[in-house]
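Keep in mind the model is a prediction, meaning the values are calculated, not measured. Just so it is clear, the values below take in all heavy atoms, side chains as well, and ignore hydrogens, waters and symmetry mates.
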Amino acid sequence: MSDSLRNDLVVSGGGMVGASLALAACRMGLRVRLFERRSREDCRSADPYERASLVSLGSGRFLAGIDIDVAALGTPVARMRVWDGQEFGSIHLDAEDGGETLLGHIVENRRLEQALHGAICATGETVLHYAEELVETVPCQREIALRSKQGSRLSATLLAIAEGRQSPLRKQVTNAPLFREDYGQDGITATVWMEKPHRHVAYQRFLDSGPLAILPFGNDHDGRPRASMVWSAKRPLARRLMAMDDDAFLTALNQAFGPQLGRFYQIGPRAAFPLSGLHSSRYISQRAVLLGDSAHGVHPLAGLGVNLGLRDAETLAKLIGTAIARHEDWGEPATLRSFQAQRRPDNLATVLACGGLSHLFSNNHRGLATLRDAGMFATGFLFPLKRFLIRQAMGL
């Protein structure tokens, strides 16, 4: 890589959010470089845990606009069923009540990343650097100078940081205070096999230890129904669950979820990760911007994390596009302030709301259980509120 090569955009982090921004910028004809810490082999291999996300209808439309067909990668979700494990309250969210046919698609994270990387490489315009990370930034008036851990030097009009929650560049670039909250829970993910088909319904049951989500997944090669499980449990329980063999875990899962899908009889490899909330007080610095989990992290109970990041990428891409049309510099403070003003309220509200919901539902206090039950019951009969929740779930 030439030391003198100047780029329109450099993206640090090749996950779903960073790669979608890089591809969107490339589609606009910009000179883009994408740096990914993982090796090419790691990124191209299958994820043994098949970790997946609910890509909302709105996020799916953004991806379709950069020629990524989410429908070809994932399983459609038409309805959600949410209920309280302690009381009788429940909410049914159907896409048709929101004026659409689908809420979104459950997409395996690695498959979406691979589709984005493949599209980026196919353009021939964006350079994707595997096993390489940026470690030094020096902002100047018209550009930001960058150095990688491997010694490469380059510059860019704008640096976008989408490295995840443990972003090494975040403190160096913004040095902004962070809001952090440990939920005291671990999220356990795995693919599970069950007796009954999911019929494109996403289920979430709130237990006093945390929410248990069963999300539609494609059938296996033998046509057997499968689902993607995300079980958020208080840490002592999560550790006991992870220590169980598969038979004992399935017994616990069947007891916790109930008979809606028949019996869960097989499970794939399990992974566990700590759950926490995170929000940066500032997203921007001189010629640099944070997006995705580098700027904010939420509880997975609502499946909103990746969609917030994709909305970040879409918003930044639109602002860059506007600057191009006006022959303006998209790394100037005005553009970055506009990005922060548009995205920070949505992200912060979601971080706080998801944390609040986790605390509200993850306990066995009788008074709160009755309050939750009443709230769910009322939501089912207040159609404007219900429609609002459905449109929020769709990302519209």
Side-chain angles (χ1 to χ4, degrees), residues 15-16 38 42 45-54 82-86 106-111 113 164-166 180-195 198 202-218 220 224-278 293 297-306 354-355 357-364:
M16 294 178 284
R38 294 168 295 170
D42 286 345
S45 63
D47 177 4
Y49 305 107
E50 297 184 304
R51 287 163 290 197
S53 299
L54 171 57
V82 182
W83 74 105
D84 192 337
Q86 299 180 65
I106 302 296
V107 181
E108 191 182 338
N109 297 348
R110 186 66 59 84
R111 290 193 67 197
E113 282 182 6
R165 296 192 186 202
Q166 306 303 321
R180 293 183 185 270
E181 182 179 12
D182 183 356
Y183 296 134
Q185 298 175 339
D186 287 347
I188 302 173
T189 62
T191 301
V192 292
W193 282 253
M194 62 276 186
E195 294 174 332
H198 50 66
Y203 296 90
Q204 184 153 263
R205 186 176 193 185
F206 284 102
L207 307 168
D208 60 7
S209 60
L212 169 59
I214 300 295
L215 309 173
F217 218 26
D220 67 12
R224 297 182 300 166
R226 300 187 305 162
S228 178
M229 179 204 74
V230 183
W231 190 345
S232 303
K234 292 179 181 177
R235 203 149 286 137
L237 173 59
R239 289 170 178 168
R240 292 197 299 271
L241 290 169
M242 286 298 292
M244 293 177 179
D245 62 23
D246 286 353
D247 289 341
F249 186 93
L250 287 169
T251 297
L253 176 61
N254 281 303
Q255 291 174 347
F257 183 75
Q260 287 80 359
L261 293 171
R263 182 177 60 90
F264 295 101
Y265 63 89
Q266 184 177 332
I267 187 168
R270 283 170 269 158
F273 53 94
L275 301 181
S276 62
L278 177 148
D293 281 359
V298 301
H299 195 288
L301 65 86
L304 294 174
V306 69
C354 287
L357 285 171
S358 175
H359 290 304
L360 176 63
F361 282 94
S362 300
N363 65 76
N364 54 11

field: Option among Arg180, Glu181, Arg165 that satisfies the side chain to side chain contact (heavy atoms under 4.5 Å, CB included) test with Ser276
entry: Arg165
field: Considering all heavy atoms, the nearest Ala256-Arg205 contact
entry: O-NH1, 2.8 Å
message: Evaluate Leu253 against Val192 for side chain to side chain contact (heavy atoms under 4.5 Å, CB included), listing each step before the verdict.
response: CA-CA 10 Å; Leu253 176 61; Val192 292; 4.0 Å; yes
Check: Asn254 side chain, Arg263 main-chain N or O, donor-acceptor pair, under 3.5 Å: no
field: Side chain proximity check, Val230 to Gln204, heavy atoms < 4.5 angstrom
entry: no
query: Do the non-hydrogen side-chain atoms of Leu241 and Ile188 ever get within less than 4.5 Å of each other?
result: yes
field: Note, Arg235 side chain near Pro274 side chain (heavy atom, < 4.5 Å)
entry: yes
message: I need the single residue from Trp231, Phe206, Tyr203 that forms a ring pair (Phe, Tyr, Trp, His ring centres under 6.0 Å) with Phe257. Which is it?
response: Tyr203
message: For a quick test of reading the model, state the closest non-hydrogen atom pair linking His299 to Ser232 and the distance between them.
response: CE1-OG, 3.6 Å
field: Residues Met244, Leu250; criterion side chain to side chain contact (heavy atoms under 4.5 Å, CB included); working and verdict
entry: CA-CA 9 Å; Met244 293 177 179; Leu250 287 169; over 6 Å; no
query: Could you walk me through whether Arg110 and Ser45 pass the side chain to side chain contact (heavy atoms under 4.5 Å, CB included) check?
result: CA-CA 8 Å; Arg110 186 66 59 84; Ser45 63; 3.5 Å; yes
- request: Run the salt-bridge test on Arg270 and Asp246 with the 4.0 Å N-O cut-off and return the result as yes or no.
  value: yes
field: Any Arg224 side-chain heavy atom under 4.5 Å of Gln266 side chain
entry: yes
- request: Any chance you could lay out the side chain to side chain contact (heavy atoms under 4.5 Å, CB included) test for Glu50 and Phe217, step after step, and finish with the verdict?
  value: CA-CA 10 Å; Glu50 297 184 304; Phe217 218 26; 4.0 Å; yes
